[in-house]
Each structure stands twice: as structure tokens, then as C-alpha cells.
Amino acid sequence: MAEYTKDEIKNIEKKWQDEWERSQLYHVEIDPTKPKYYVLDMFPYPSGAGLHVGHPLGYIASDIVARYKRLKGFNVLHPMGFDSFGLPAEQYAIQTGQHPAVTTAKNIETYKRQLRQIGFSFDWAREVQTSDPDFYKWTQWIFMQLFNAWYNKDIGEGGAAESIDTLIQMFEQNGNQKVNAVCDEDAISFTATEWKACDEKGKENILQKYRIAYLSETMVNWCAALGTVLSNDEVKDGVSERGGHPVERLKMWQWSMRISAYAERLLKGLNTIDWPEPVKEMQRNWIGKSVGCELDFKVADFDETIKVFTTRIDTIYGVTFMVLAPEHELVNKITTEAQREEVEKYIDVAKNRSERERMSEVKRVSGIFTGAYVINPFNNERVPIWIADYVLAGYGTGAVMAVPSSDTRDYAFAKHFSLSIIDVLEGSNSDITKDNFDPKSGTMINSGSLNGMLWSDAIEKALDKVEELGIGKRKINYRIRDAIFGRQRYWGEPFPVYYKDGLPHLVDEDDLPITLPEIDEYKPTESGEPPLARAKGWSYNHKGAAHPFELTTMPGWAGSSWYWFRYMDPKNEDAFCSKEAESYWQDVDLYIGGSEHATGHLLYSRFWCKALKDLGFVKEEEPFKKMINQGHIQGVSAFAYGFGVGVKVENPEAITQAIKSGAKLLKKHIIPKQSFDRAVKGEYDSLVKKIIDARLADLGAYGLQVSLNKELTTFLPFNIDVDFVNPTTNELDISEFEKSHRYFGLGIDEIVLDENNKYICGREVEKMSKSKYNIVNPDDIVSNYGADTLRMYEMFLGPLELSKPWNTNGIDGVYKFLRKFWNLFHDSTGTFIVSDAEATKEELKALHKTIRKVEDDISKFSFNTSVSEFMICVNELMALKCNKQSILEPLVVVLSPYAPHITEELWEKLGHSNSVHFATFPKFEEKYLIESSFEYPISINGKVRAKMNFALDMPNDDIEKLVVASEIVQKWSEGKEPKKVIVVPGRIVNVVL
RNA sequence: GCCUUGGUGGUGGAAUUGGUAGACACGCAGGACUUAAAAUCCUGUGGUCAGAAAUGGCCGUGCGGGUUCAAGUCCCGCCCGAGGUACCA
């Protein structure tokens with residue numbers, strides 16, 4: 001038996017997976033004689049649901065590239081690991097008491113088993129797990145380096161991080177007068193003498209304002225339901241990304257990372273890397289650079305100035321009012337007595353509006369006049385000062401010069417409070433009586449010395465004037481905030497930090513790793529302290545005294561911000577990565593993963609990489625040279641439609657008795673979709689009416705006087721496990737469903753069938769997720785069709801970057817292809833046969849066409865088209881009945897990145913003693929593709945009129961072709977001389993008569 | 001609103017970047033093999049009009065214009081979907 005049947009596939013795939021593991025085939029070591037290639041997948045979080053068909057999509061693509069590059073002679077680093085710290089394991093631990101390490105280890109086992117059976121060429125000897133103390137030892141170590149570093153803007157082009165010792169030295173010599181650092185806004189200036197006069201605590205408080213990893217009292221996103229703070233990218237629309245719990249703003253002492261220091265380098269670096277444009281764009285927006293100026297407006301009748309930030313200084317003659325954030329420090333001082341009461345009332349209301357309310361009421365205009373005025377320094381006009389909550393205290397200076405003629409928010413505000421509007425731009429085909437102006441075009445009017453200038457030139461001119469008047473300077477603002485680095489959780493890296501006299505200190509390097517202590521419960525304590533406070537006797541012994549450890553842990557992104565370096569040298573106990581390994585493997589050549597990490601992981605990783613470079617630990621400025629985002633495979637959810645009849649009981653005193661005798665007040669039904677849809681609109685059809693009547697009659701029988709209560713009547717669609725639903729007819733398998741946990745969990749009492757005695761589910765495309773019960777597990781596909789079919793099918797589905805719903809409609813086509821390919825080598829009895837006859841030109845052509853196309857497609861990551869090309873090739877060879885070794889052998893090699901198991905088996909049958917892994921990718925030869933003659937259409941005035949043959953031996957020269965073409969056309973067009981003959985080499989000829 | 005992407009048969013999707021649109025696959029229809037079914041193989045398959053047929057004409061890449069001998073591809077103006085983001089001055 002040697003047919004490519006389902007049983008045989010299992011044997012073949014198992015045989016080769018065992019063999020690869022036995023021989024450690026995909027293990028790599030540094031090899032200076034070969035060029036390196038580093039292909040990396042974003043490592044998964046090992047969730048309890050196991051791998052679903054969406055996961056392997058990117059892994060298959062990267063595996064194809066890895067295998068292809070190996071055949072091309074590269075030394076390929078292709079590792080896999082697990083981002084194993086995370087919230088779900090911790091929440092599971094809180095519920096069940098199971099240690100997160102245990103759940104995590106179990107989940108990793110499942111993931112590895114599933115990954116193994118798809119036949120990836122990962123070097124498992126290099127596996128990393130972020131929750132492994134041998135790994136997080138180095139996460140802690142890197143934290144220590146960042147704690148001991150500050151950002152010196154005077155080094156190199158954009159500044160760089162360096163050791164905190166150099167800063168201390170500078171303080172001792174000159175105080176902070178000459179220090180040009182990125183630091184907290186509230187850092188005050190001091191002299192060397194003042195520095196020396198500080199005690200240890202005073203010095204440390206100053207240093208915290210400079211360290212890259214630092215402790216500060218900041219506004220954080222506090223999520224009470226999760227009992228922890230969240231970073232900005234973990235908050236979506238005012239609720240937590242995981243779980244959707246409300247998030248509030250609180251001031252807390254927190255560890256942060258000074259990523260803002262790297263804003264400019266993070267922005268500039270984007271131009272040097274080959275990433276998808278949307279991701280770059282997201283990072284640019286997140287960094288949010290705006291170039292403009294800061295300038296002072298004098299407050300009339302006060303000895304005060306108000307500093308504003310603007311990017312449109314050219315529109316300064318259009319300023320008709322000024323707006324302060326409610327929290328602005330001068331509000332209290334400048335408010336006139338007449339306005340004071342109202343202003344205070346407004347500020348009070350604004351304070352109590354939560355972040356979420358403010359977001360949902362974006363369009364609401366509110367504000368209050370302070371009674372004070374500022375003087376416009378360009379024309380000395382008096383401009384009223386208002387307060388409004390659309391101005392944010394945290395961005396820029398918390399004050400805005402409002403130009404209603406070129407800013408929509410200012411415009412809405414001016415209209416609402418009937419403030420004046422002065423147009424300063426002309427020719428921008430806009431209309432300031434309406435909200436449709438375009439401030440980025442036109443020339444200046446009503447603008448004194450700026451009149452007649454283009455708006456962009458006017459900016460430069462006005463900037464010069466601001467600096468000349470000494471009222472302000474050019475300034476660049478960034479939106480990016482420092483990243484909060486601490487979490488009030490158990491399942492994360494502990495900080496290598498202890499406290500002595502209330503000051504944070506680093507532990508000795510020799511004492512790393514600081515491992516997670518055992519605790520009896522994983523919840524925060526009753527007093528609201530993080531779970532680590534439960535650890536008994538957990539303290540740091542230093543010079544004979546015990547000191548408390550930091551109780552928060554690092555966030556989920558800590559381990560993933562440097563893990564690609566660890567793969568280079570995963571077992572090293574003396575360094576996170578040896579110099580030798582780092583200088584050989586350098587950076588990631590190809591990174592594949594989802595775009596959802598654009599403003600999280602991908603930004604933090606670039607930040608840490610730059611910091612590590614500044615501190616001299618690595619050489620590369622950017623970690624991921626090229627990236628592609630794989631699209632998500634969406635799940636097709638199945639829905640059933642719940643219906644609960646609400647009743648009004650007229651004699652409540654009878655309820656207790658009724659329940660005792662077995663009445664059930666609430667019953668949950670599942671009803672057909674049509675009835676449900678109508679019922680939601682308030683049209684109860686006969687089926688629904690029947691259920692209602694039956695309910696009322698049923699309860700009536702227990703002595704209750706009941707009537708229908710429409711308000712308590714509920715209609716609710718809910719997800720059904722897709723495994724219980726027929727994929728083509730959408731029919732629910734009721735007997736299977738009734739046995740499931742889901743059925744009992746929902747507490748369904750009755751399933752009402754439709755007129756055909758079936759229950760047909762509704763369908764919707766959604767994200768594939770456990771909570772939507774729409775996960776398709778690759779195990780079933782692998783056991784039905786084999787891993788090679790799964791791999792090729794996932795590639796065949798469409799372009800890698802595209803999101804698409806999972807369906808198995810075309811999977812038979814791919815399976816048939818593999819069988820046909822197999823059958824090329826076998827006769828009808830299943831005997832392996834190849835011929836050693838010489839290949840014909842036609843056969844060589846089929847082969848070389850495929851080689852070229854596949855190479856081309858892999859370099860463009862267009863795997864779907866190369867799968868098509870394989871199918872075409874095999875169809876051609878089948879038609880030619882070609883089973884010649886000289887054709888099939890190279891074809892096996894070309895196919896092997898896509899379908900490694902079947903090709904490995906055939907390779908062995910072809911008589912090779914080693915793996916196809918060691919083969920060389922066949923060289924493409926153009927000579928076989930050149931046709932003996934080409935037929936080109938000739939069009940005359942745009943219409944195809946004739947076909948023309950070009951002979952192969954004709955000189956490849958335009959003029960020659962032109963002569964031939966014009967001769968033919970002349971003959972054809974009844975002697976008319978063509979006006980113009982257009983010849984594109986190797987393409988189309990067109991003639992204008 | 002803004003930014004980024006897309007829009008091609010019944011379906012997933014091709015189209016060498018301006019050169020015969022619809023490759024390849026699914027589905028569907030017809031045929032062969034079979035007692036029958038499954039499996040397999042062959043043929044057809046964008047729409048429409050003419051023809052008994054081979055075949056030929058016209059229309060067709062979200063909509064409306066434009067550039068060009070030639071537009072799915074380039075330019076201008078709209079419509080719709082997906083993802084991101086939002087009082088960032």
C-alpha cells in the first residue's frame with residue numbers, strides 16, 4: 001500500500017516528524033561561513049483554548065520563508081517560544097486556586113503538540129518562555145540597566161541614554177545647569193552646592209526625575225474590576241481592552257519608562273525599516289509629533305503671562321479668544337469677581353465628568369468666560385479669556401489661542417457663544433460662515449505684515465517675529481506619554497527592587513533572578529495591596545537587614561520587549577545574549593505577526609532596542625528590519641435565539657405555594673430566527689403567541705393569576721458552539737447540543753423547532769475567540785487531510801495580509817493537488833516509478849516556469865499565487881504523463897517549503913539518503929521559457945486587427961520589430977502608410993493610420 | 001471627523017505594475033466508469049445578442065468624469081466596506 005490516502009498521510013507525517021526531532025534537523029548554530037537569516041513569528045500567549053486555525057497562518061508563511069532560505073544556502077534562525085506571563089492564567093488562578101505556572105505549563109504542552117504536528121521547522125532547542133526564571137532574570141537585569149540610565153540630549157545626533165553615574169558627576173560639578181536631559185517637567189534647577197547639600201533621599205528624588213526607568217506620582221488608568229493599572233494601549237474607549245471593565249483616572253505612585261525620550265528616534269527610525277504603511281502610520285500618530293511654537297500672551301491688568309502652544313502661528317491675527325483648561329494654574333487668579341461664582345461652578349462640573357463621559361460627549365460645547373483679557377502681541381488687541389474642557393491640561397501648555405476661522409473646535413465654540421470670527425486665509429475655497437474651511441491652503445488676509453503670503457511661508461515669517469520679540473520660541477510637542485511599567489498583579493516579573501528608608505534600591509546583580517514567591521491566594525489583599533503582599537517573609541536580605549521588595553510586577557510587554565535577542569543565545573547564564581551571538585545574528589530579517597501590536601509591543605521593542613544600543617549592549621538601532629502583518633482568520637459564529645416570556649402576577653401571595661408545587665416562573669426557549677426577528681420588532685407571530693399562551697396556561701394551572709408583561713419579555717441571541725452546527729445547512733445538532741456544557745450553562749428549557757422540524761442557526765462573521773464559541777481547531781483538519789494540506793490550504797485562502805473568514809470550501813482542491821502530485825510518481829498499483837529518460841523541452845518549461853514563479857512569489861510573500869502555480873505545473877506534467885526523475889526531483893525541492901512531509905517521503909524514495917533540507921533550491925534557467933515564436937496582436941487605432949509572429953531568432957531590437965510590423969500592417973491596411981507605429985519590446989504593437 | 005486600506009463572476013481570489021480581465025480553486029451543469037452511491041476522470045461555466053453549429057458582435061473590474069493608440073491599474077470628484085484614532089491646539 002503506497003497510495004496517498006488518509007492513513008498513509010498519517011504514517012508519512014509521523015515518520016518524518018519523529019525523524020526531524022531525532023536528528024535535531026532544524027537546530028542551528030553560528031556559522032560564519034554562511035550568511036544568516038532570522039525569521040521570527042510573534043510568539044503566542046498560551047491560552048487555555050489551544051491553537052486555532054488563525055494562529056498557524058503567520059507561522060506557515062514564516063516557515064515557508066525559513067525553509068526556502070535554507071535551500072538558498074542561508075543559516076536560518078527560526079525559533080519559537082511563549083509569552084507566558086499574562087492575565088488569563090492569573091484570573092483562572094484566582095477562580096480555581098490553581099497556580100498560574102501549572103496552567104501555563106499545561107497550555108504550552110498543548111500548543112507544542114499542535115505546532116509539532118503541522119511540521120514547522122522551529123529550532124526547539126532555542127525555545128524561550130517569558131515566565132521562566134532563567135528568562136526573566138534578564139528582563140530584570142535589563143530593567144536595572146534602564147534604572148541606572150538617563151537620556152543625554154547632547155550625545156550624538158538625537159541624544160542617547162548613558163549611565164546615571166555620568167549625570168551624578170555633572171551634578172557634582174555644575175548642578176543641573178548644563179545638563180540637557182529628558183526629564184520630568186517639574187525638575188527644578190539647582191547648583192552643585194545645592195546638590196551636595198542634599199541627603200540621600202533628596203538626591204534620589206532628583207535622580208528619579210532623570211532615570212529611564214523611574215518612580216513617579218502620575219495619573220494612571222485604574223481598573224477596579226481587574227485590580228490593576230493599565231497602560232494607554234490597554235484601554236480602548238474608556239474601558240479595559242480585556243474584559244471591557246470601566247477604567248478611571250487616578251493619581252498613584254508608579255514605575256514608568258521614559259519612552260518619551262526616544263520620541264524623535266522612534267519616529268525617524270520608521271523611515272529606515274520595511275514595515276506595512278498602516279503600522280508605521282499608527283506609530284506616527286501615537287508619537288504625535290507637532291512642530292510649532294510656544295509664545296506668551298500678556299494678561300491685561302495683571303503681571304502675568306499665559307503660555308500657549310500652536311502649530312499655526314500664521315493665523316495669529318485671527319485669534320478672537322483664548323481658552324484655558326479648567327485645571328490651568330492661572331484660572332483662579334485672573335477670574336474677575338463678577339464671573340467667579342460661575343467659573344467655580346463650571347470647574348466643579350468639569351472635574352466630576354469622568355474621562356468616559358467626556359469622550360462620549362465629544363460634540364457637546366461647554367465653557368465659561370473668566371472676565372479677563374490677554375493682549376495679542378502682534379496687533380495689541382484685547383482678547384477675552386475663556387475656560388473650556390475641550391482644552392486638555394496634559395497636552396502642550398493647557399492653553400490655546402483660539403482661531404475660529406481655521407479650527408473646527410474653535411469654530412464650534414465661537415458659534416455657540418457668539419464670539420467674533422476673523423477670516424485670515426483667502427483662496428482656500430472655504431466659507432467661514434460654515435464649518436467647511438480648509439486651513440491648509442490659501443494666502444493670508446487681515447493679517448498685518450503677513451498679508452499676501454502663502455500660509456506655509458507665513459508660519460516661518462511669524463516664527464521669526466515671535467523670536468525677535470522675545471515672547472516665545474520654536475517648539476516641538478509630542479503626544480506620546482511615558483509608559484506605566486508596574487501592574488498590581490501576581491503573574492508577572494517581580495521588580496529587582498527593594499525599599500530602604502522609603503527609597504527604591506536595586507538588588508545585587510548576583511542575586512538575580514528575584515523569583516516569584518509562593519502565595520496562598522492570587523487576589524489583591526483586603527487592604528488593596530497587590531497580591532505579592534500576601535507572600536510570607538518575602539524580603540531582601542542586604543548587609544544583615546531585611547528590606548521589603550517592590551510589590552507590583554512588570555507589565556505583559558516587559559518580556560516581549562527584548563525576547564528576540566534571547567533566541568540568539570537562549571542558554572547563556574552570564575549575559576542576556578553573548579556578544580558573539582549578537583554580532584552574528586544582529587537583527588530580525590523578517591518578522592510576521594498581527595498589526596494589533598502596532599502601538600504596544602512593536603513600539604516598546606523598538607524603544608528597548610535603542611536603549612540597549614545606547615548603553616552598548618547591542619549594535620542594532622532597529623530590531624525588526626522587515627515586517628508583514630498577517631490578517632486574522634475570522635470565525636463564522638453560529639447563533640441561536642433565546643426567548644423568555646415575562647409575566648405579571650396579580651396574586652403574588654400565591655407564588656411561594658406555586659413554586660413549592662413545581663411551578664417554574666421563568667422558562668428559557670430557543671425559537672427560530674424568523675420568529676425571533678419579528679418578535680424583536682414587536683410582531684409576535686403564531687409560534688411566539690403559542691408559547692406565550694402555553695406559559696400563561698401553565699402558570700395558571702398552579703393557581704397564579706398571570707398576564708403577559710412585555711417589558712420583562714426578553715429576546716437574546718447567543719453564540720452556539722460551531723461544532724454542533726452543520727456548516728452548510730446551519731442545522732443545529734440538537735442531541736449533541738443538549739449534552740453540552742453550554743446547554744446546561746444557559747439553562748435552556750425548550751428548543752422550539754421550525755415547520756421542517758429542524759432548528760436552523762443564524763450565522764455571522766466575527767473574531768475567532770473562545771467566548772464566541774466559533775473556534776475551529778486545526779487538529780481536525782490535520783487528522784482528516786494531513787498537515788501538508790492544511791499548510792497549503794491556509795496559504796491558498798488568499799493574500800496573507802487579508803482578514804478572511806475560515807471556511808473549508810476549497811480544501812478538497814488542495815488535497816487533490818497533493819494526491820495528483822503523489823500519483824505522478826506512482827502507477828495504478830501504488831508502485832513507485834520514475835523514468836530516467838531525458839526531459840523534453842516542454843517538460844523543462846513547466847518546471848522552470850514553476851521555479852521562477854515560486855521564487856518570485858516567495859520574495860513578494862504572495863504564497864497563494866504560488867500554490868496555484870504548483871497546481872498548473874502538475875496539471876501540465878500529468879497531461880504530458882511525465883514521471884521523469886530529472887523533472888520531478890527539482891520539483892520536489894521547490895515544493896518542499898510548502899508541503900514538507902510528502903516531499904521528504906518522495907525525496908527518500910528518489911534514493912536520497914539525507915533530508916531535502918540539505919538540497920539546494922534549483923536554479924531557474926530562462927532558456928527553457930523562450931518560445932520558438934511569439935504571437936502578438938496588432939491593433940490599429942485601438943482595435944486588434946491582426947496577429948503577428950515574431951521569430952525567436954529575430955534580433956531583440958525595437959527597430960527590427962518596427963519594420964516587420966509596419967510591413968505587415970501596410971499590406972493589411974490596403975497600402976495605407978501608417979502615421980505611427982508603436983512597439984513595446986516583447987509586447988504589443990499598435991498602429992495609427 | 002481624520003489617517004490607513006480595500007471594492008473584479010455564484011464564491012475565495014489572479015492579472016508580470018499601463019498592454020488579449022476573470023489565472024488557479026471551489027461551486028454548479030452535462031458526460032464517462034458503476035446494479036447504485038461515493039470516489040475518480042473528461043467537458044462546459046462573466047453577462048447579453050445572433051446562429052443548427054463552429055463562431056461572431058456588443059456590454060462588463062463600486063459610481064461619474066478625464067489622460068492615453070491602450071486604464072482593473074494613472075488623474076479629478078463621489079459612494080460603500082474594513083482597521084486604526086480622536087477634543088493633541
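These figures come from a predicted structure and were not determined experimentally. What's counted below: heavy atoms across the whole structure, side chains too, no hydrogens, waters or symmetry copies.
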Phosphate OP1/OP2 of B:C26 contacted by A:Lys816 side-chain N/O (<4.0 Å) | yes
Which part of the nucleic acid, if any, lies within reach of A:Arg819 when heavy atoms closer than 4.0 Å are counted: base, sugar-phosphate only, or nothing?
-> sugar-phosphate
CG of A:Asn285 versus C1' of B:U85: gap in Å, rounded?
-> 7 Å
Expressed in angstrom and rounded to an integer, what is the separation of A:Trp822 atom CH2 from B:U40 atom P?
-> 18 Å
For B:A38 and B:G27, measure between their P atoms and round to the nearest Å.
-> 13 Å
What do you reckon, is CD of A:Glu925 surrounded by more than 12 foreign heavy atoms closer than 6.0 Å?
-> yes
Does A:Tyr478 put a side-chain nitrogen or oxygen below 4.0 Å from OP1 or OP2 of B:C88?
-> no
For B:C24 versus B:A82, give the span between their P atoms, rounded off to a whole number of Å.
-> 33 Å
Nearest-angstrom distance, C1' atom, B:U43 to B:U5 | 41 Å
Of B:C87, B:A89, B:G84, the nucleotide closest to the side chain of A:Met282 is B:G84
Anything under 30° is parallel, anything over 60° is perpendicular, the rest tilted; go ahead and classify A:Phe863 against A:Tyr898.
-> perpendicular
Could you tell me which residues satisfy salt bridge (Lys or Arg N to Asp or Glu O under 4.0 Å) with A:Arg852, sequence neighbours excluded, listed by chain and number?
-> none
Would you mind reading off the distance between A:Leu324 atom CG and B:A89 atom P, rounded to a whole angstrom?
-> 18 Å
B:G46 versus B:A29 - spacing of their C1' atoms, nearest Å | 16 Å
Any idea how A:His597 and A:His601 line up, ring-wise: parallel (<30°), tilted (30 to 60°), or perpendicular (>60°)?
-> perpendicular
Consider only side-chain N and O atoms of A:Ser290 and A:Tyr395, and report whether a donor and an acceptor are under 3.5 Å apart.
-> yes
Candidates B:C88, B:A15, B:A89 - which lies nearest the side chain of A:Arg479 | B:C88
Any A:Asn875 side-chain N or O less than 4.0 Å from OP1/OP2 of B:A25 | yes
Consider the side chain of A:Leu392, meaning its heavy atoms from C-beta on, and name the nucleotide among B:C26, B:U4, B:C87 that approaches it most closely.
-> B:C87
In short, A:Gly292 meets A:Leu463 closest at the heavy-atom pair O-CD2, 4.4 Å
Mind calculating the distance between CG (A:Leu802) and C1' (B:G81) to the nearest angstrom?
-> 12 Å
So which one's nearest nucleotide on RNA chain B is more toward 5', A:Arg409 or A:Val867?
-> A:Val867
Which of B:C3, B:A25, B:A89 is nearest the side chain of A:Val400? It is B:A89
Set of residues satisfying side chain to side chain contact (heavy atoms under 4.5 Å, CB included) with respect to A:Ala388, sequence neighbours excluded = A:Val323, A:Tyr346, A:Tyr390, A:Phe413
Quick one: A:Phe870 CZ to B:C24 P, roughly how many Å, whole number?
-> 16 Å
Under 4.0 Å between a side-chain N/O of A:Asn864 and OP1 or OP2 of B:A14, yes or no?
-> yes
Starting from Watson-Crick (N1-N3 plus N6-O4 or O6-N4) and G-U wobble pairs under 3.5 Å, report the runs of at least three that RNA chain B belongs to.
-> B:1-7 with B:79-85, B:10-12 with B:24-26, B:27-32 with B:40-45, B:46-50 with B:55-59, B:62-66 with B:74-78
Phosphate contact (B:G84 OP1 or OP2) by A:Thr599 side-chain N/O below 4.0 Å | no
Map A:Asp856 and A:Gly398 onto RNA chain B by nearest heavy atom, then report which one ends up closer to the 5' terminus.
-> A:Asp856
To the nearest 0.5 Å, how far apart are NZ in A:Lys475 and SG in A:Cys293?
-> 11.0 Å
